Amino acid sequence: GEFKESLLNIYHGEQFGEAFYATLLAEAEDESEKVILAALLQLETEGKARVRPFIVKYGLPAYDNPDSIAGGVKTAKRLANETWQSKFEVMVDIIKEQGLPEYEGLWEKVSPEEDPEAAELAKFVGAHERVIFEVCKNVVNGVPNPASPLDDFLNFPIDTHAPMSNEKQK
């Protein structure tokens, strides 16, 4: 019922996010911006991986949704000419209006007594969305090292102090 529907929306949301950050990353020129986008991309990839076993368990489609990916790419392309901070202002709005209600709302649709694993997952997705929200707000507010909240959240963290290159490998 509601839980499954919401979970699939969240799974598709991770795919949208992956495509969105990957597209912004492909076009980024500033080193520190690339690293922040790579860390956000990593977060979405890990989120997708964390949700997928439940997608399969509930018999939902586990493949990537082309519409979600196209939506992420399109949204990123639309922001191509915006400043770094404006891009993140848009993200803050999207997360506030769509992300947080959906992701935090999963908790309301689960019974911790009946399904402790689903409850754990619901807790994770709420925290996942809040950490993205925090990073995006940090960027908007010009907080130094804005992606630092990701350091403790990622299983496979990206060193947000590392220089990165978009140069094509020969």
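Only a predicted model underlies this, so the values are computations on that prediction, with no experimental measurement involved.
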For the residue pair [X] and [Y], what are the closest heavy atoms and their distance?
X: Ala80; Y: Lys87; value: O-NZ, 3.6 Å
X: Ser68; Y: His12; value: OG-CB, 3.2 Å
X: Asn138; Y: Pro146; value: ND2-O, 3.0 Å
X: Pro61; Y: Leu8; value: O-CD1, 4.0 Å
X: Ile36; Y: Ala147; value: CG1-CB, 4.2 Å
X: Ala119; Y: Trp107; value: O-CZ3, 3.3 Å

Could you state whether [X] and [Y] fall into the same hydrophobic cluster, counting links through intermediate Ile, Leu, Val, Met, Phe, Trp or Tyr residues with side-chain heavy atoms under 4.5 angstrom apart?
X: Val73; Y: Leu79; answer: no
X: Leu100; Y: Phe20; answer: yes
X: Phe16; Y: Ile69; answer: no
X: Val92; Y: Phe153; answer: yes

Should we count NZ of Lys74 as having more than 12 external heavy atoms under 6.0 Å?
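No, NZ of Lys74 has 12 or fewer neighbouring heavy atoms, counting only those of other groups under 6.0 Å.
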Would you find more than 12 non-hydrogen atoms of other residues, nucleotides or ligands less than 6.0 Å from Glu82 atom CD?
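Yes.
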Would you say Glu108 and Glu2 make side-chain contact, with heavy atoms under 4.5 Å?
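A side-chain contact under 4.5 Å is absent here.
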Answer whether the closest heavy-atom distance between the side chains of Leu40 and Leu24 falls below 4.5 Å.
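Side chain of Leu40 against side chain of Leu24, heavy atoms only: no contact under 4.5 Å found.
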Would you say the ring centroid of Tyr103 lies under 6.0 angstrom from that of Phe124?
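Tyr103 vs Phe124: aromatic centres not under 6.0 Å.
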For Asp30, what residues pass the side chain to side chain donor-acceptor pair (under 3.5 Å) criterion, not counting sequence neighbours?
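Checked Asp30 against side chain to side chain donor-acceptor pair (under 3.5 Å); matches are Ser32.
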I need the [X] [atom1] to [Y] [atom2] distance, nearest 0.5 Å.
X: Ile95; Y: Glu134; atom1: CD1; atom2: CD; result: 11.0 Å
X: Glu14; Y: Glu129; atom1: CD; atom2: CD; result: 7.0 Å
X: Lys109; Y: Lys4; atom1: NZ; atom2: NZ; result: 14.5 Å
X: Leu43; Y: Arg50; atom1: CG; atom2: CZ; result: 12.5 Å
X: Glu44; Y: Ile132; atom1: CD; atom2: CD1; result: 4.0 Å
X: Leu150; Y: Ile158; atom1: CG; atom2: CD1; result: 9.5 Å

With ring pair (Phe, Tyr, Trp, His ring centres under 6.0 Å) as the rule and sequence neighbours excluded, what pairs involving residues 46-85 come up?
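Checked against ring pair (Phe, Tyr, Trp, His ring centres under 6.0 Å) - neighbours excluded - the pairs reaching residues 46-85 are Phe3-Tyr58, Trp84-Phe88.
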Could you go through the salt bridge (charged side-chain N to carboxylate O under 4.0 Å, His left out) check for Glu120 and Lys123 one step at a time?
CA-CA 5 Å; Glu120 272 303 299; Lys123 232 185 261 180; 3.8 Å; yes
Is there a donor-acceptor contact under 3.5 Å from the side chain of Lys48 to the main chain of Gln15?
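Such a contact is absent between Lys48 side chain and Gln15 backbone.
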Any donor and acceptor pair, going by atom type alone, linking the side chain of Gln42 with main-chain N or O of Leu154 inside 3.5 Å?
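No, the answer is negative, given that no donor and acceptor are paired below the 3.5 Å cut-off.
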Checking side chain to side chain contact (heavy atoms under 4.5 Å, CB included) between Tyr11 and each of Ile55, Leu60, Asn65, Val125, which is the one that passes?
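Only one option passes, and that is Ile55.
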Start with the C-alpha gap between His128 and Val51, add the side-chain angles, then the distance that decides, and say whether side-chain contact (heavy atoms from CB on, under 4.5 Å) holds.
CA-CA 11 Å; His128 163 94; Val51 172; over 6 Å; no
